[in-house]
Amino acid sequence: MTTGHQRPLGSPFSADSTAEDVLAGLDLTGTTAVVTGGSSGLGLATARALAAAGARVIVPARREGAARDALAGLGSCEVVPMDLTDLASVRSAAARIGEAVERVDLLMAVAGVMATPERRIGPGWEGQFAANHLGHFTLACELYPLLAAGGARVVVNSSAGHTLTGIRWRDPHFRAGYDKWLAYGQSKTANSLFAVGLDALGRDDGVRAFALHPGKIITGLQREMSVREQIERGWIDERGEVVGDGFKTPSQGAATGLWAATSPMLKGRGGLYLEDCDVARVSEPEEPMDDGGVREYAIAPEAAARLWEVSCAATGALPVP
């Protein structure tokens with residue numbers, strides 16, 4: 001992919017579109033979707049919409065009981081235990097999925113953390129990079145035979161937060177000093193580059209991948225932030241009500257991912273960064289985060305290939321054929 005492909009297509013949907021709008025009239029019977037984070041926030045809105053359209057939805061979840069409660073009444077949804085920060089757990093979940101289905105048509109990587117206190121995972125990995133990127137990377141590698149069997153679309157939730165920083169190749173785990181927002185930004189750049197890398201490696205098998213910014217939404221993603229910090233950022237008021245401009249509902253936030261998963265406009269395309277139910281434009285380095293678009297460093301094929309090698313070495317994941 002070159003940045004020449006990274007431009008809007010003229011989608012009939014917009015920032016105001018909901019999950020229901022995007023999937024209206026679609027019959028996904030016979031489709032199998034794996035949705036991480038599918039028991040809360042955007043992931044729950046995604047899982048519900050897919051199930052309502054007839055898809056079989058598998059939700060890997062760290063808190064298995066809470067996930068079952070959240071998905072109660074959705075007969076086509078099932079829960080598999082998985083902790084994205086524990087690669088043994090990720091591999092176990094992938095094996096259980098492989099025992100249950102012969103192919104995966106959609107992999108929706110929605111789960112994530114944001115602006116967390118410094119945490120060290122496994123061999124000392126920075127926690128946000130581990131949860132947001134390395135866990136999903138390992139899951140996709142483990143599921144790859146099922147993805148190839150389904151000619152799957154893989155949809156990865158990135159964020160406008162990727163504009164905070166590219167990959168810190170010399171210190172990706174912040175051993176020289178931790179900054180929770182730069183760590184979040186790096187993990188979101190990694191999400192975007194992962195989609196570029198997977199698409200390049202998987203397209204001959206019919207596997208296409210996309211990254212996206214879902215928009216600004218108040219969900220459980222902010223759980224590690226204090227109320228005061230959210231107020232100071234202008235997101236909520238003293239009563240906890242959303243007051244920031246441009247915030248979406250969870251259904252609106254899920255819409256871009258569902259458009260990525262199902263739109264015929266994206267047939268034969270991949271490795272793209274999306275926002276507001278369309279392909280995003282490439283933004284300039286000095287542009288404010290809220291102006292939208294994707295930084296060129298977050299879709300650069302060379303950086304994607306380098307991150308893929310780093311991620312394989314870190315996780316021990318087998319390279320995608």
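Just so it is clear, the values below take in all heavy atoms, side chains as well, and ignore hydrogens, waters and symmetry mates.
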Under a 4.0 Å threshold between the charged nitrogen and the carboxylate oxygen, would [Y] count as salt-bridged to [X]?
{"X": "E126", "Y": "R168", "answer": "no"}
{"X": "E78", "Y": "R56", "answer": "yes"}
{"X": "R306", "Y": "E302", "answer": "no"}
{"X": "D69", "Y": "R63", "answer": "no"}

Could you state the interatomic distance from [atom1] ([X]) to [atom2] ([Y]), rounded to the nearest 0.5 Å?
{"X": "Y178", "Y": "R120", "atom1": "OH", "atom2": "CZ", "result": "8.0 Å"}
{"X": "L212", "Y": "L272", "atom1": "CG", "atom2": "CG", "result": "11.5 Å"}
{"X": "L274", "Y": "H213", "atom1": "CG", "atom2": "NE2", "result": "12.0 Å"}
{"X": "L42", "Y": "Q252", "atom1": "CG", "atom2": "CD", "result": "11.0 Å"}
{"X": "T31", "Y": "D105", "atom1": "OG1", "atom2": "CG", "result": "5.0 Å"}
{"X": "L139", "Y": "I97", "atom1": "CG", "atom2": "CD1", "result": "6.0 Å"}

* To do: Quick one: list whatever passes ring pair (Phe, Tyr, Trp, His ring centres under 6.0 Å) with F210, sequence neighbours left out.
  => none
* Asked: How would you list, by chain and number, every residue that makes a side-chain contact (heavy atoms from CB on, under 4.5 Å) with T85, sequence neighbours excluded?
  -> D83, I121, A131
With no hydrogens and no angle check, is any side-chain donor or acceptor of [X] less than 3.5 Å from a backbone partner on [Y]?
{"X": "D276", "Y": "S14", "value": "no"}
{"X": "S158", "Y": "N191", "value": "no"}
{"X": "R269", "Y": "H5", "value": "no"}
{"X": "Q6", "Y": "V279", "value": "no"}
{"X": "E296", "Y": "V282", "value": "no"}
{"X": "Q186", "Y": "P172", "value": "yes"}
{"X": "D27", "Y": "T29", "value": "yes"}
{"X": "T189", "Y": "T165", "value": "yes"}
{"X": "H162", "Y": "R295", "value": "yes"}

* Asked: Parallel, tilted or perpendicular for W125 and H173, by the 30°/60° rule?
  -> parallel
* Taking the inter-plane angle between the rings of H133 and F137 on a 0 to 90° scale, is it parallel (under 30°), tilted (30 to 60°) or perpendicular (over 60°)? -> tilted
* Mind checking whether L307 and Y297 sit in one hydrophobic cluster, side chains of I, L, V, M, F, W, Y counted as touching below 4.5 Å? -> no
How close do [X] and [Y] get, heavy atom to heavy atom, and via which atoms?
{"X": "S251", "Y": "T18", "answer": "OG-CB, 3.3 Å"}
{"X": "A15", "Y": "K248", "answer": "O-CE, 3.5 Å"}
{"X": "C277", "Y": "S17", "answer": "SG-CB, 4.3 Å"}
{"X": "S187", "Y": "Q128", "answer": "CB-O, 3.7 Å"}
{"X": "N157", "Y": "P214", "answer": "ND2-CG, 4.1 Å"}
{"X": "G112", "Y": "N132", "answer": "CA-OD1, 3.1 Å"}

* Set of salt bridge (Lys or Arg N to Asp or Glu O under 4.0 Å) partners for E142, sequence neighbours left out -> R91
